[in-house]
Amino acid sequence: MLEGLLRIFAGNDSLVLLELGLPTSETVDMIVRRHPDLIVLDSEGPDRGIDKIAVIARQSPQTKVMVFTSAISIDHAVRALDAGAVGYVSSTSTAEELLHAVKAVLSGETFISQNIATKVISALRTAAAARETAAPAKALNVREEQIASLLLKGQTNREMARNLGLSEKTIKHYMTILMQKLRARNRLELVLAIRPTASATGNPLFN
């Protein structure tokens, strides 16, 4: 599998491969030191990589984690996304599909293999609804509503920053606040949480 991945990534001029190896604690330490843009993580081990995802998300937040697994599972996908992954891809994907997933994740999107995407999104929506019922979300201010509106349109942090005349760092700050207010644990859950809020308020910013 490693040899196959090496051929796929080495043949793409827009990607630079920094490291290739098994997902060990030393690999995680390297990621934290070098802060790569993306890590494609195999889901082996007792917890199927969940702890490693959480460590990377906490210690190298600019590094996007995409899980690459031979054992597709709705529960594992939800746990991986909750831990901080932004991609969940089947190892049976073609080279073209894998590269598409990589480019989507690097551009700020969340990517889930098509064969389980609907079920994973449904599970995340159910979890978000349960949290919403447990405690009503706080109201958003004007700037937060603007960013929420652009997020619903699928814009990346860079695109939001350009459209609103802000820095990417400021956008990330507002995204963190939005996640806290809407009790979302990742970008996908945030979108799912914003949609019912937008419908309830009828705010034209969300149209």
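Just so it is clear, the structure is predicted and the values come from calculations on it, not from any experiment.
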Set out, in order, the CA-CA distance, both residues' side-chain angles and the distance that settles side-chain contact (heavy atoms from CB on, under 4.5 Å) for Phe111 and His100, then state yes or no.
CA-CA 9 Å; Phe111 187 95; His100 174 68; 3.5 Å; yes

Met160 and Leu166: CA distance, side-chain angles, deciding distance, side-chain contact (heavy atoms from CB on, under 4.5 Å) verdict
CA-CA 8 Å; Met160 292 183 206; Leu166 302 173; over 6 Å; no

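Enclosure of atom CD in Gln114 is not indicated, since only 12 or fewer non-hydrogen atoms of other residues, nucleotides or ligands lie within 6.0 angstrom. Annotation: His35, atom NE2; neighbour count of heavy atoms from other residues, nucleotides and ligands within 6.0 Å is above 12. Asp37 CG: 12 or fewer foreign heavy atoms inside a 6.0 Å radius.
Side-chain contact between Ile50 and His76: present, with at least one pair of heavy atoms (C-beta onward) separated by less than 4.5 Å. Contact annotation: the side chain of Val102 approaches that of Phe9 to within less than 4.5 Å [non-hydrogen atoms, C-beta and beyond]. Taking 4.5 Å as the limit, every side-chain heavy atom of Thr69 sits out of range of all side-chain heavy atoms of Val89. Asn157 has its side chain within reach of Arg187: a pair of non-hydrogen atoms, C-beta onward, lies under 4.5 Å apart. Considering only heavy atoms from C-beta on, Val105 stays 4.5 Å or farther from Val65 through its side chain. The shortest side-chain heavy-atom distance between Thr63 and Arg34 does not fall under the 4.5 Å cut-off. You'll find the side chain of Glu159 stays beyond 4.5 Å of the side chain of Leu150, heavy atoms only. No side-chain heavy atom of Asn186 sits under 4.5 Å from any side-chain heavy atom of Thr110.
Atoms CG and NZ, from Leu98 and Lys103 in turn, are 11.0 Å apart once rounded to the nearest 0.5 Å. Considering CG of Leu164 and CZ of Arg143, their distance stands at 5.5 Å, rounded to 0.5 Å. A distance of 9.5 Å separates CZ in Arg162 from CD in Glu168, rounded to the nearest 0.5 Å. Going from atom CD1 of Ile8 over to atom CD of Glu97 covers 10.5 Å, rounded to the nearest 0.5 Å. Here the CG atom belonging to Leu178 is positioned 5.5 Å from the CD1 atom belonging to Ile194, to the nearest 0.5 angstrom. Here CG of Leu152 is found 12.5 Å from CD1 of Ile147. Values are rounded to the nearest 0.5 Å.
Between Tyr88 and Met66, the closest heavy-atom pair is N-CG, 4.3 Å. Ala123 and Val78 make their closest contact through CB-CG2, 3.7 Å (heavy atoms, listed as atom of the first residue, atom of the second, distance). Leu81 approaches Gly87 most closely through the heavy-atom pair CD2-N, 4.4 Å. For the residue pair Val120 and Ala77, the shortest heavy atom distance occurs at CG2-CB, 3.7 Å. In plain terms, the two heavy atoms of Ser113 and Ser90 that are nearest each other are OG-N, 2.9 Å. In terms of heavy-atom proximity, Ala117 sits nearest to Ile112 at CA-CG2, 3.8 Å.
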